[in-house]
Student: 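Attaching a single structure in structure tokens format; questions to follow.
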Amino acid sequence: MARLLPPELVARARALAAGDITPVEPRAAATVILLRASGAGPEVYLLRRHGQMAFAGGMYVFPGGVVDERDRSTSTRWAGPAPAAWAETLRCDEATARALVCAAVRETFEESGVLLAGRTPGSVVADTTGDHLAEDRRALVEKLVSFAQLLDRRGLVLRSDLLTAWAHWITPAFEPRRYDTRFFVATMPVGQRARDVSGEADKVVWLAPGEACAAVDTGRMRMLPPTYAVCRELSRLRDPEDAATVDHSFSTIVPFVEFDGDEAVFRTGLEDSR
């Protein structure tokens, strides 16, 4: 996948190559691709970030965000693969793996109202629209409570087994904002519904992954390269549950820039299908 860079990023890329700037340390982050079934195959849940947002304004994204230090809490009620197992899958240390999985579930709840948790290791909350959980979500967004405290208060356990690790993208070194992001896939829990509850988005849609890519190709939607690439990969699935069983390599992708005279081309190392 390749694309031309805007002038301000070309300048930063050249400055980095010349040794005039130091790369920003990427922040650990987690993103969850929610999938639901439709008559034509899986659909993905996308939010369009407000145009005035400092990062990715106007872009369609999956629910997600940076790791909060409280996501590292060892008191988080947990079900499914242990953090040590996730560390092997995500290729990081156990504490970071715990934080990434917790952040993935927390951010999904904050930004879409979907809660991947249940009262037992084999159950999932059937409805998150009630007043109590809505109040808890607001307290979570405002950082008045941690996710571990929310789960404990409601007698819930985080269902890490509902997540499938999908991809690992690290923002290129010349970007002023950098993220070290793990992408997870999850099927929509029965009875729950996704909705924009974070205030960071001005529109939400469910779209077949292939339709989302086509909308980007024709200029009707805007996406960052990782979102587009993941949608393109998911367009091959025939059912949401296939994401957990398909032979898929969890790979780390670090985009880079190639210079050709005055032109700078952004490359991800992925084959361009456009």
Side-chain angles (χ1 to χ4, degrees), residues 30-37 42-45 62-65 67-90 92 94-141 143-166 182-195 197-198 206 237 239-246 250:
T31 290
V32 175
I33 305 104
L34 292 171
L35 294 177
R36 74 175 185 185
E43 293 181 330
V44 295
Y45 183 70
F62 306 119
V67 168
D68 185 298
E69 277 305 307
R70 294 182 296 180
D71 292 328
R72 301 179 182 274
S73 173
T74 57
S75 65
T76 302
R77 296 162 62 99
W78 191 284
W86 278 107
E88 184 174 350
T89 299
L90 301 176
C92 61
E94 185 174 335
T96 299
R98 178 190 299 276
L100 287 165
V101 171
C102 186
V105 177
R106 174 183 57 76
E107 286 282 349
T108 300
F109 183 47
E110 289 184 12
E111 297 197 345
S112 72
V114 173
L115 183 56
L116 303 175
R119 295 197 174 279
T120 66
S123 68
V124 185
V125 174
D127 181 14
T128 63
T129 59
D131 291 342
H132 293 312
L133 278 176
E135 291 171 3
D136 283 346
R137 191 205 63 78
R138 285 192 291 271
L140 196 61
V141 170
K143 300 189 182 301
L144 301 177
V145 298
S146 69
F147 195 54
Q149 291 171 325
L150 184 154
L151 293 175
D152 187 59
R153 176 187 299 177
R154 297 300 171 198
L156 301 173
V157 294
L158 180 154
R159 291 284 307 277
S160 78
D161 56 317
L162 298 181
L163 294 171
T164 297
W166 192 262
R182 267 68 168 197
F183 286 71
F184 301 85
V185 176
T187 299
M188 273 292 295
V190 175
Q192 293 192 34
R193 62 184 180 87
R195 61 208 186 281
V197 292
S198 70
W206 282 99
L237 302 182
D239 188 85
E241 283 71 24
D242 289 347
T245 59
V246 69
F250 180 80

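The model shown is predicted, which means the values in this text are computed figures rather than measured ones.
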Student: Hey, is D136 close enough to R153 for a salt bridge, meaning N to O under 4.0 Å?
Tutor: yes
Student: Could you walk me through whether V124 and V190 pass the side chain to side chain contact (heavy atoms under 4.5 Å, CB included) test, one step at a time?
Tutor: CA-CA 8 Å; V124 185; V190 175; over 6 Å; no
Student: What's the shortest heavy-atom distance between F250 and T89, and which atoms?
Tutor: CD2-O, 3.4 Å
Student: Tell me, do V32 and V185 make a side-chain contact under 4.5 Å, heavy atoms counted?
Tutor: no
Student: How many angstroms lie between CG in L162 and OG1 in T187, if you round to the nearest 0.5 Å?
Tutor: 8.5 Å
Student: CG of D71 to CZ of F147: how many Å apart, nearest 0.5 Å?
Tutor: 8.5 Å
Student: Under the ring pair (Phe, Tyr, Trp, His ring centres under 6.0 Å) test, which residues partner W206, sequence neighbours left out?
Tutor: Y45
Student: Please check if the side chain of R159 supplies one atom and the backbone of P121 the other of a donor-acceptor pair under 3.5 Å.
Tutor: yes
Student: Is a donor on one side and an acceptor on the other found under 3.5 Å between the side chain of T128 and the backbone of V114?
Tutor: no
Student: Looking at side-chain heavy atoms only, is the closest gap between S75 and D152 below 4.5 Å?
Tutor: no
Student: Identify the two heavy atoms, one from P240 and one from A37, that lie closest to each other, and give their separation to 0.1 Å.
Tutor: CG-N, 3.5 Å
Student: I'd like to check L156 versus R77 (side-chain heavy atoms, cut-off strictly below 4.5 Å). Are they in contact?
Tutor: no
Student: With no hydrogens and no angle check, is any side-chain donor or acceptor of R72 less than 3.5 Å from a backbone partner on A99?
Tutor: no
Student: To the nearest 0.5 Å, tell me how far Q192 CD sits from S112 OG.
Tutor: 8.5 Å
Student: Working to the nearest 0.5 angstrom, can you tell me the gap between T164 OG1 and L35 CG?
Tutor: 9.0 Å
Student: Donor-acceptor pair, R137 side chain versus E110 backbone, under 3.5 Å?
Tutor: yes
Student: Can you confirm whether E241 is buried at CD, in the sense that more than 12 heavy atoms of other residues, nucleotides or ligands lie under 6.0 Å from that atom?
Tutor: yes
Student: Would the distance check show the side chain of E107 and the main-chain N or O of T31 forming a donor-acceptor pair, the cut-off being under 3.5 Å?
Tutor: no
Student: Write down the atom of L163, the atom of A104, and the distance for their closest heavy-atom approach.
Tutor: CD1-CB, 4.3 Å
Student: Considering all heavy atoms of both residues, which atom of Q149 and which atom of S146 are nearest to each other, and what is their separation?
Tutor: OE1-N, 2.8 Å
Student: Closest approach of A148 and S73, non-hydrogen atoms and distance?
Tutor: CB-OG, 4.0 Å
Student: Rounded at 0.5 Å granularity, tell me how far CG in L158 sits from CZ in R98.
Tutor: 10.0 Å
Student: So, R182 side chain and L90 main chain: donor-acceptor pair closer than 3.5 Å or not?
Tutor: yes
Student: How many angstroms lie between atom CG of L151 and atom CZ of R106, to the nearest 0.5 angstrom?
Tutor: 11.5 Å
Student: List the atom of L133, the atom of F109, and the distance in Å for their closest heavy-atom pair.
Tutor: O-CZ, 3.7 Å
Student: Ring centroids only, cut at 6.0 angstrom: are F184 and W86 within range, meaning strictly under it?
Tutor: yes
